[in-house]
Structure formats: C-alpha cells, structure tokens
Amino acid sequence: MTIEDKKEAAEKPLNFIEKIVEEDLRAGKNGGRVLTRFPPEPNGYLHIGHAKSICLNFGLANRYGGQTNLRFDDTNPVTEDTEYVESIKADVRWLGFEWANEFYASDYFDTLYNLAIDLIKKGLAYVDDSTAAQIAEQKGTPTEPGTGNEYRNRSIEENLALFEGMRNGQFAEGTKVLRAKIDLAAPNMLLRDPLLYRIKFAHHHRTGNKWCVYPMYDFAHGQSDSIEKITHSICTLEFVPHRDLYDWCIEKLGIFPSKQYEFARLNMTHTVMSKRKLLQLVNEGFVSGWDDPRMPTISGLRRRGFTPESIREFCDRIGIARHENLISFSLLEFCVREHLNKKARRVMAVLDPIKVIITNYPENQTELLSTENNPEDPEAGVRQVPFSRELYIEREDFMENPPPPKKWFRLGPGLMARLKSAYIIQCHDFVKDQNGHITELHCTYVANSKSGQDESGIVVKGTLHWVSVQHAHAAEVRLYDRLFKAEDMSQAEGNFQDHINPESLQRTTAFVEPCLAEAQIGQNYQFVRKGYFCLDTDSTPQKLVFNRTVTLKDSWAKVK
RNA sequence: UGGCUGAUGGUGUAAUGGUAACACAGAAGUUUUUGGUACUUUUAUUCGAGGUUCGAGCCCUCGUCGGCCAACCA
C-alpha cells in the first residue's frame, strides 16, 4: 500500500463488501488472494448500472492487490451475439479497466456437463419429461408445496442414459430437462428441483453446433466462479434467493467454495436500466441505436461526451449498499461538469443567433483577439478569435423590455455589456420584421475598452459570448434532455414507452468560432456560457455535428 | 397470504452500544471579462411502539412500509 492509498483508505469509509474482504484477508482466507469477476451476458450493451458493478469488482481487486476476470455468461445461445461481446470489451476498457483473463461460461461446457453427470450419479439430479407448464404447476406456490411426478424417481442408470440422449440430440426441444433433486416443499422456490439443463438446437456464438443442451444460469454461474477460483462473487440483490442454490451446487459437487455477495443495483431518475427495455427502445426506433446519446448505455454516454473519469467518480459517490436506491441523473451531470471544467477547452458558439452590427466599427476590418483556452488551466494557453463589424450573439442575451439592471446584466435598449475577450458594446437600436421578430441589433463599441487593455473606466456586469458572422462556421447542435418524463420509471404506469420525453432531442443550427473546424470526434469543449459539447460521430468535414453533454449550472434560470 | 431482504436530511452514503457525519441538491453571500468555476455561511436526518442498558441509529420483540422469488432468462 502506498502512502496515498493509506490516506485514501483512512479518509473514505469502507463499503460493506470491502469490510467483508478485509475480514477475509485478516482471517487468512484464500491465502490472502482476492479474485473477482465481471460476468456480463453478451445479449446487450453495457449501461451505467454495469459501470457500478465494474467499478466495484475491478476496484476491489485494485485496492487489495487482486485481479478481476472478464467472464461472458453465454449459456443462452438464442439471445447472445459476438457484436455484444466486442462492445462489452470496448466499454470495459474505455472505462479504464483491464481484466486478468477473458473467459466464457461456454469454455466450461464440457466440465459442466461432467459435473451434471456427477450430480446424477449422486442421485441428486434427474431427467424430467414434463412440459414447461406442468413443471410450473408442479412447483406449487409460495404458500403451497410443490407436487412431485413419476420422473423424479427414475433410476440413476436411466437418468444417465437419458441425459446422454439429450446431449446427443435424440430428443426434441422442450421434451426433456435435467433437474436437481432437492426439495419440492422448500420455502425458497428456487430449491424446488430447479432446472439444470435444457435442450436447445441453437447455434452458439462460440461453440457453434457442438451442443444441443445448455446449462441454466444456476448450474453455470457458481461452477464457473468455482472453476476460476473466484474468491468474492458479487452480484445484485435479485440473486439473493439464488445463493442457497449456488452454495448447494458447490457443496454437493465438492468444488472450490466461491462465495456470493449481493448489493443493490443502480436505478436512475428519468431512465430505464433493463437490457430488455433498452433493446426495445433500439428495435422500436425510439432511439438511433444502443449508442444514442440519450441512452444510459456506456456507449451512449461516451457519444454524448461523458468521460470515463466522470463515470468512475459517479460510481464512487453513489456508494454500495443493500437497499433499493434511485439516484438523480443530475449527480452524473455534476460529475461530468466537475471533470470537464478542468479539462475542456473553452470556445464560443452561438446556438440561437441574433445579428449585431457594430455601427462605429470599420466595415472591412478584422481584428484577432486573444482569449484563454481554459481559465482553470493556464497551461492550456491562448488562441486568437476574429472580431469584425457583424457578429452573432445569443438571442436570449437581448431583451426589449429587460428587468431592472440589478437583475439583468445583458443587453437591452441603451444597455451595455462586454463581449467576451473583446469590447464593451452599447445597444442603440434594433430592427424587427413584419412578425415583430427582432432580426438585428445596432450597437456601438467602446474603442478603448479592449480586453486586457481597458482604459474606458466603464464597469459592466455582463459578459456575452459571440462569433464573427463572416468567420463563423455553421454546425448542427443536438440538445438532449431526459429520455423519459417520469422521474421514477419503476413506478410509472402503463407501457414504459408511453413515458418517453418527446423533447429529448432537439436539433438546431449554431454558429461556431473557426477553430472548431479542426475538432476531433469525441473531443470535449465548453461552449462558453452554454455547456459542454463534443463532436458527434455523425460529424463530417463538410458538416460539423455537436452533442450537448450537459448544460452549465445556470443561476440566471432560477432568477427568471 | 409463504420465504428472503431492507428502512438514517429532498437524494445517496457513513457512524467498536457513548456528541448523528460527508457529498449532491436547496438557501444566502464573497470573488469573477463565463449569471460558469472557486470560496464562505446556512436549512434539513435515525419508520412506529415497546423492551434490555447508566446510555440504543446500532441489541431484542411486535408492528408498518418497500424490494425480490412461483422464466426450459441472466
């Protein structure tokens, strides 16, 4: 442990899983070894909830000198695909983590098959010919014990032969399953002779057509942990009832005793977190894809402009506990602002332009004005911005009938404001079209008020961003809002699709300062006074496209 | 209804049985050529009823409320 680690350990209280690991370490369990795993099923893209799990698992290993395996839980070939495998690997790496080993539950299909035979030989598993409906019915209810059937008493030899027949493709899908023989009256429904293997004549993304029987989660996950000698197998709360089965398999099979611990999954306001629902959003065209910037997926957040650092910070702040939680989306926004404030270059872009003519500025003159790239980071240096007679400023920075000067720092008839890194201007007149829409402001500039060499003695409270009309580049800007209107989607009634926010995406044409022509995809900027933006993957040299990651905190909005 | 599990400011997370704290959000202010940032101040908390104890957020009992479980999904 370095001094910094110790300091951090002293400052930050341990979560309950870290306490368990430390107790295990103290007790000398597993020879001081800590091995965790992140076990996604490759049937969808990773989301911010997975990030919580990734940070926990990899973070634990980091902290205690252990390692983390990436293991794809690919036991259901009909929903799984290599596209998902690739995206998951890319997302984990992007978040900043490197796994010790890349494994697949399908790597263990032979071993698992033999373990099943072992269970049969011990009289602890049997082949059941019942239909799914019959099995469900025979399971009873939480208040009534299940009833058995004649298959439960098959001989070991018969079970062995039948299971081999299943494996060899002698039986049709759905006609036979392998079940554990545990207790049909168990209060825990999962112990009422759970299914271990089912027949599926499906092509598997890794094993191809080698198998037509596939293990269920409960017969694959714990054993995979055990095979890898995972010390701490961390999962979410809905698996608590599975722990009895997890331990049962390990005990009856006499294999390495990995231990399962559960924590509460992440829920966030104004979004959904189930892969099933996210897939629906994609398939039903509500979003442009898994990486739509409105999606809570890692790829969506990345495209939106969130940074790995901000997501890790978020996961750190939300903590780990065992009760249900609903985290405000604005906490994630806080984290990304915090990071981007230090990192992002400031540039000027006008999202909703209104033209300003500086009537006392020479017509064919252009000045290059120096402006800092990031006031939070002097090393970021300065750049030159062209200034000329015709400019764009933000429409909302002018009011025909503004509130009193104590409240309003921007332009209005007769009012003065500073143009960022340029001059103080005063508005004298404005032009309206037939519809009463303001099209143009006529202003004068104060020649000796230039930034850095201001001798005017004039004090103004407001500073406005601007771009020079003749030098500006047009760009598409995509403004995002919450994907769902309901704060808590778990309590929203009816179809979840009915709650989609119709205004979650708004496109507008903005004018941006010339240096943005060289922006790289994914690069984060702060558009001064407007928020953090990054260049979208749809962007081309001919057409710039920016995503708004998040707005700046806006205390003026509250005054209004 | 059976089992499992949980309950601490608005939100989230802390607190060997010994002064309930931290962050975000909220409010007020200072600084500021971003109504940003930074800084200062501030509001607000142990689900209920009993019990054990000198002392309970923590232990016990009984409630109340929430989550999960009756997929050939994970």
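In the text below, chain A, chain B and the rest are named by the order of the sequence lines, each starting its count at 1. Worth saying up front: this structure is predicted, and the values here are computed from it rather than measured.
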**Q** Looking for any heavy atom pair under 4.0 Å, which part of the strands does Q526(A) touch: base, sugar-phosphate only, or nothing?
**A**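 Base contact.
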
**Q** Of the non-hydrogen atoms in A105(A) and L112(A), which two are nearest, and what is the gap between them?
**A**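 Shortest heavy-atom contact: O-CD2, 4.2 Å.
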
**Q** For F409(A), report the nucleic acid contact type (base, sugar-phosphate, nothing); a contact means any heavy atom under 4.0 Å.
**A**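 Base: the residue F409(A), judged by heavy atoms under 4.0 Å, touches a nucleobase.
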
**Q** Is L237(A) touching bases, backbone alone, or none of the nucleic acid, heavy atoms closer than 4.0 Å?
**A**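 Result for L237(A) = nothing.
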
**Q** Measure from the side-chain N and O atoms of R418(A) to the backbone N and O of S449(A), and report whether any donor-acceptor pair falls under 3.5 Å.
**A**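 Yes; judged by distance alone, with no hydrogens or angles, the pair exists.
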
**Q** Could you check whether R322(A) gets within reach of a base, just the sugar-phosphate, or nothing at all, counting any heavy atom under 4.0 Å?
**A**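 Contact class for R322(A): sugar-phosphate only.
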
**Q** Describe, in one word, how the ring planes of F387(A) and Y445(A) are oriented to each other, choosing from parallel (under 30°), tilted (30 to 60°) and perpendicular (over 60°).
**A**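 Rings of F387(A) and Y445(A): tilted, as their planes differ by 30° to 60°.
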
**Q** Using atom C1' of each nucleotide, how far apart are U1(B) and G17(B) to the nearest Å?
**A**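 Here U1(B) and G17(B) have their C1' atoms 37 Å from each other.
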
**Q** Work out how far the P atom of C58(B) is from that of A49(B), and round it to whole angstrom.
**A**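 To the nearest whole Å, 12 Å.
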
**Q** With no hydrogens and no angle check, is any side-chain donor or acceptor of H204(A) less than 3.5 Å from a backbone partner on D74(A)?
**A**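 Side chain of H204(A) to backbone of D74(A): a pair is present.
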
**Q** Scan R276(A) against the nucleic acid and name what it touches under 4.0 Å (heavy atoms): base, sugar-phosphate only, or nothing.
**A**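 The answer is nothing, as R276(A) stays clear of every strand by at least 4.0 Å.
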
**Q** Check for a donor-acceptor pair, side chain of K200(A) on one end and backbone N or O of W211(A) on the other, with a separation under 3.5 Å.
**A**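 Between the backbone of W211(A) and the side chain of K200(A) there is no qualifying donor-acceptor contact (under 3.5 Å).
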
**Q** Classify the nucleic acid contact of P375(A) as base, sugar-phosphate or nothing, counting any heavy atom under 4.0 Å across all strands shown.
**A**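 P375(A): base contact, heavy atoms under 4.0 Å.
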
**Q** Quick one: label K19(A) by what it contacts on the DNA or RNA (base, sugar-phosphate, nothing), any heavy atom closer than 4.0 Å.
**A**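 Contact class for K19(A): sugar-phosphate only.
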
**Q** Within a 6.0 Å radius of atom CD on E83(A), are there more than 12 heavy atoms belonging to other residues, nucleotides or ligands?
**A**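 Buried by this count: over 12 neighbours within 6.0 Å.
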
**Q** Expressed in whole Å, how much space separates the C1' atoms belonging to U13(B) and G50(B)?
**A**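 It comes out at 30 Å once rounded to the nearest Å.
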
**Q** What is the nucleic acid contact for K200(A), judged by heavy atoms within less than 4.0 Å: base, sugar-phosphate only, or nothing?
**A**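 Result for K200(A) = sugar-phosphate.
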
**Q** Which value, in whole Å, describes the distance between the P atoms of nucleotides A21(B) and A27(B)?
**A**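 Approximately 23 Å lies between the P atom of A21(B) and that of A27(B).
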
**Q** Could you tell me how far U5(B) sits from U11(B) if I compare only their P atoms? Round to whole Å.
**A**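 Taking atom P in both U11(B) and U5(B), they lie 25 Å apart.
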
**Q** For the backbone of L464(A) and the side chain of R529(A), can you confirm whether one donor and one acceptor N or O come within less than 3.5 Å of each other?
**A**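 A pair under 3.5 Å: no.
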
**Q** Can you list the stems that include RNA chain B, where a stem is three or more consecutive Watson-Crick or G-U pairs with distances under 3.5 Å?
**A**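 So the stems come out as B:2-7 with B:64-69, B:10-13 with B:21-24, B:26-30 with B:38-42, B:47-51 with B:59-63.
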
**Q** Looking for any heavy atom pair under 4.0 Å, which part of the strands does R192(A) touch: base, sugar-phosphate only, or nothing?
**A**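 Answer is nothing: R192(A) stays at 4.0 Å or more from every strand.
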
**Q** Pick from R152(A), R179(A), R154(A): which one makes a salt bridge (charged side-chain N to carboxylate O under 4.0 Å, His left out) with D129(A)?
**A**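 Checked R152(A), R179(A), R154(A) against D129(A); only one passes salt bridge (charged side-chain N to carboxylate O under 4.0 Å, His left out): R154(A).
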
**Q** Could you tell me whether G462(A) contacts a base, only the sugar-phosphate backbone, or nothing, with contacts defined as non-hydrogen atoms closer than 4.0 Å?
**A**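 Counting heavy atoms under 4.0 Å across all strands, no contact is made by G462(A).
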
**Q** At a heavy-atom distance below 4.0 Å, which nucleotide of RNA chain B is the first touched by chain A, and which is the last?
**A**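 For RNA chain B, the relevant span reads U1(B) to A74(B).
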
**Q** Could you check whether any side-chain N or O of R198(A) sits under 3.5 Å from a backbone N or O of P215(A), counting only pairs where one atom can act as donor and the other as acceptor?
**A**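 Confirmed, R198(A) side chain pairs with P215(A) backbone.
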
**Q** Heavy atoms only, 4.0 Å cut-off, all strands: where does S555(A) land among base, sugar-phosphate and nothing?
**A**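 Answer is sugar-phosphate: S555(A) comes under 4.0 Å of backbone atoms only.
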
**Q** 5'-most contact on RNA chain B: F239(A) or Q453(A), nearest heavy atom basis?
**A**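 Counting from the 5' end, the first nearest nucleotide belongs to Q453(A).
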
**Q** Using the P atom as the point on both nucleotides, what is the distance between A70(B) and U61(B), in whole Å?
**A**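 Rounded to whole Å, the distance is 29 Å.
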
**Q** Using a 4.0 Å heavy-atom cut-off across all strands, classify Y197(A) as base, sugar-phosphate, or nothing.
**A**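 No contact.
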
**Q** How about R346(A) and N374(A): does a side-chain donor come under 3.5 Å of a side-chain acceptor?
**A**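 Distance-only check passes for R346(A) and N374(A).
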
**Q** What integer number of Å spans the P atoms of A74(B) and A25(B)?
**A**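 Straight-line distance between the two P atoms is 41 Å.
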
**Q** How would you label the contact of T79(A) with the nucleic acid (heavy atoms, under 4.0 Å): base, sugar-phosphate, or nothing?
**A**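 Result for T79(A) = nothing.
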
**Q** May I ask you to say what I320(A) touches in the nucleic acid, namely base, sugar-phosphate or nothing, with a heavy-atom cut-off under 4.0 Å?
**A**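 If one applies the 4.0 Å heavy-atom cut-off, I320(A) turns out to touch the sugar-phosphate alone, with no base involved.
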
**Q** W556(A) or D74(A): which one's nearest nucleotide on RNA chain B is closer to the 5' end?
**A**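 Looking at RNA chain B, the more 5' nearest nucleotide goes with W556(A).
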
**Q** Between E333(A) and Y532(A), do the side chains contain an N or O donor and an N or O acceptor separated by less than 3.5 Å?
**A**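 Side-chain D/A pair, E333(A) to Y532(A): absent.
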
**Q** Say we look at U46(B) and G10(B): how far apart would their C1' atoms be, to the nearest angstrom?
**A**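 About 16 Å, rounded to a whole number of Å.
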
